Amino acid sequence: MSTVPAGAAAPETAAGPEEPPSPRTTGAPEAPTWPEEFAARYRAAGHWRGETFGGMLRDRAEVHPDRIAVIDPAGGPAGGRRVWTYAELDRRADRMAAGFAARGIGRGDRVVVQLPNVAEFFEVVFALFRIGALPVFALPAHRKTEIGYFCSFTEAVAYVIPAVHEGFDYRTLATTARAQAPSLKHVFVAGGDAGYFESLAEVPAEPVDLPEPAPGDLAFLQLSGGSTGVPKLIPRTHDDYIYSLRGSNEICAVDENSVYLCVLPAAHNFPLSSPGSLGTLYAGGRVVLCPRPVPDEAFRLIESEGVTITGVVPPLALVWTEAAPRSAYDLGSLSVLLVGGAKFSEETARRVRPALGCSLQQVFGMAEGLVNYTRLDDPQETVLTTQGRPISPDDEILVVDDEDNELPVGETGHLLTRGPYTIRGYWKAPEHNARSFTEDGFYRTGDVVRLTATGHIVVEGRAKDQINRGGEKIAAEEVENHILAHPAVHDANVVAEPDPYLGERTCAYVILRPGAEPLRAPAVKKFVRERGLAAYKVPDRVVFVDAFPKTGVGKVSKKDLRAAATSPAAAP
Ligand code: OOB
């Protein structure tokens, strides 16, 4: 076993030829991993097959070099369409990997990747996979608070951004990230003027031989939706993630003829792996990048590219079902629409087939691992009223009460899970891990569910202190901390309130300091925005109160605050 931990900021030479990595893993001491008896079981069952992302792309490029891997309809230089075959993507990943390696980026180094839905996303992440560096998957909506944190907490050596996207200049983010994270040696800018930074287009170099990471090594860090002050990072390995792709492909009938439209931000776990763009590439299919999720753009691409499958969050599914009957585009090629990320209402679910002419699959997943799907051959009522069942026969599901006692089937309780692609701990977060995992390794999802007799899961609610704003997750505590930083604020509590379109939106209850300057709701929102938080985390509504409702033991009752936000008397 190598002494070089995957993920440690090791010098480039540390994983040199005199000390080859073990065939399965170079170790990942930053987070608890599967005990060997489980790992052995998952290998014996054929779940973990010893594949890596770099090897997977290499293999597909050898078997079908000329098949199309990625279509970027608008992200090329001057907005041109780009079509990359498997051979082209493979060659580009090799060249980008060589350029990164020449800049000293190596095995275990973290690289924050914040790219929109452009072809470079795949070029960069496959290059990083090949050198064993770990992409940290930021979302385009993240701003200086989140990016500064990702860069400094992971001690990232590089940060990859677009120049400008949707009117926002990411180079300004890079300037602040640099100031916050001394580890950040490189900023690479995809498309447009790189300004003070380095153009990504200038990185590629002649391919060099690079040692492949081991299948058990970390492949990347995903972000948790979070329920705490700062987001947690989710360490996923090649073997475990690839298993979830293979399982997803089988369940969603993704094969080499599939054309997947990537509508949601490419780095999010849902469009990345359920079955998503990586599942599609694993199957030898074609990924079409959708720059914006609006119906006109997505429908145009469905027609022109012959899209067969895509995945969206419930608010988008609602908009699409409303727009489709009036659209002139032919959506006939679309055979599956996956909907997940937040609870999909039965009412809208019923409209999917009549409006879009395709099958619906509900997906209830999490970046920590467990993903559930309704099956294509499930009875219609199951598809409309449940959030599916797990990918793997080795996914263990427990529904427990507040004291961790298992509940009988049909009763509602906390969902705990353990399995071949569910992490055993967050990255460098021992205190969180003690709370978020049981002693025997079950992940406490924070979701409140019940099981049907057929083993399907129905999501009934949530115990974690999080707002699910149309699939975008907001940790209440994180927003509260930002509001509390305002000098006029004495205390703050953020809760979810119902929203007909998003499902939930955020409502911040604020108590002002006695004698403080009078503050109005827009000023609170502006304050939070200016602290550099992603826009979706800015409270939708701010209500000033004199006191918070309390529980019997004197704690703030978020339940009562939620009820207050829901009551018709609640003012906008
Ligand atoms: C997906 O992943 P995350 O990590 O952004 O969020 C996970 C959480 C779950 O714990 C649950 O609270 C909620 O999002 N959620 C759903 C849901 N799908 C996710 N709640 C109700 N119904 C659903 N269908 O959101 C994600 C990852 C992979 C595939 C799909 C979604």
Side-chain angles (χ1 to χ4, degrees), residues 137-139 141-142 221-228 231-236 241 244-245 247-248 251-252 260 262-279 309-317 337-346 348-349 352 360-374 382-391 395 397 412 414-417 421-423 426 436 443-450 456-476 496 502-504 534 536-537:
F137 285 128
L139 297 174
H142 288 137
L221 298 173
Q222 259 294 359
L223 309 181
S224 82
S227 54
T228 47
K232 288 161 292 189
L233 293 155
I234 297 169
R236 302 290 301 258
Y241 209 66
S244 80
L245 302 181
S248 298
I251 291 165
C252 305
Y260 179 82
C262 180
V263 175
L264 300 172
H268 187 272
N269 200 60
F270 176 15
L272 195 62
S273 66
S274 301
S277 47
L278 291 183
I309 176 167
T310 185
V312 296
V313 287
L316 268 182
L337 179 74
L338 294 141
V339 181
K343 180 85 183 245
F344 195 30
S345 76
E346 186 185 330
T348 315
V352 168
L360 164 68
Q361 279 190 285
Q362 294 214 37
V363 201
F364 163 44
M366 52 206 72
E368 284 82 355
L370 179 71
V371 180
N372 306 276
Y373 295 96
T374 56
T382 307
V383 173
L384 298 174
T385 59
T386 80
Q387 280 62 62
R389 58 186 173 83
I391 291 178
D395 280 321
I397 299 288
T412 299
H414 303 282
L415 171 65
L416 312 184
T417 185
Y421 59 97
T422 296
I423 56 163
Y426 291 105
S436 303
Y443 167 54
R444 300 181 187 278
T445 65
D447 293 309
V448 172
V449 306
R450 82 183 147 79
H456 288 76
I457 296 178
V458 178
V459 180
E460 297 284 10
R462 191 179 324 122
K464 54 193 166 190
D465 197 6
Q466 184 184 77
I467 295 97
N468 189 333
R469 195 176 182 276
E472 288 183 309
K473 316 303 183 312
I474 301 161
L502 294 167
E504 293 176 13
Y536 66 84
K537 296 182 188 170

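Numbering of ligands and ligand atoms starts at 1, following listing order. Counting from 1, the numbers follow the sequence of the chain as shown. Everything quoted here is computed from the prediction, not taken from an experiment.
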Name the closest protein heavy atom to [atom], giving the residue it belongs to and the distance to 0.1 Å.
atom	answer
atom 24 (N) of ligand 1	Val363 O, 2.7 Å
atom 23 (C) of ligand 1	Ala342 O, 3.4 Å
atom 4 (O) of ligand 1	Ala367 N, 3.0 Å
atom 18 (N) of ligand 1	Gly341 N, 3.0 Å
atom 21 (C) of ligand 1	Lys343 N, 3.2 Å

message: To the nearest 0.5 Å, what is the distance between CD on Gln362 and CD1 on Ile457?
response: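 That separation rounds to 12.0 Å.
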
message: Heavy atom to atom 9 (C) of ligand 1, shortest distance: which of Val449, Asp447, Asn468 holds it?
response: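 Shortest heavy-atom distance from atom 9 (C) of ligand 1: Asp447.
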
task: Select the closest option to atom 19 (C) of ligand 1 among Ser273, Ala463, Gly340, Gly365, judged by heavy-atom distance.
output: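 Looking at heavy atoms only, the winner is Gly365.
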
Does only the side chain of [X] get under 4.0 Å from ligand 1, or the backbone, or both, or neither? Count heavy atoms.
X	answer
Ser224	neither
Gln362	neither
Met366	both

Can you sort out which atoms of ligand 1 are near [X], meaning under 4.0 Å from one of its heavy atoms?
X	value
Asn269	27 (C), 28 (C)
Gln387	22 (N), 24 (N)
Ser274	28 (C), 29 (C)

Taking the side chain as everything from C-beta on, heavy atoms only, tell me whether [X] gets closer than 4.5 Å to [Y].
X	Y	value
Glu368	Thr445	no
Leu337	Thr310	yes
Phe344	Val313	no
Glu460	Val449	no
Phe270	Val363	yes
Thr348	Pro314	no

Take every heavy atom of [X], measure it against each atom of ligand 1, and state whether any distance is under 4.0 Å.
X	result
His268	yes
Lys464	yes
Lys473	yes

- prompt: Will you find, in the side chains of Glu472 and Tyr536, an N or O donor that is under 3.5 Å from an N or O acceptor?
  reply: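 Not at all, the side chains of Glu472 and Tyr536 share no donor-acceptor pair under 3.5 Å.
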
Single hit among Asn269, Ile423, Leu233 for side chain to side chain contact (heavy atoms under 4.5 Å, CB included) with Gln222: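 Passing option: Asn269.
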
message: Testing the basics here: between Gly311 and Val263, what is the closest heavy-atom pair and its distance to 0.1 Å?
response: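 Nearest heavy atoms, Gly311 then Val263: O-CB, 4.1 Å.
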
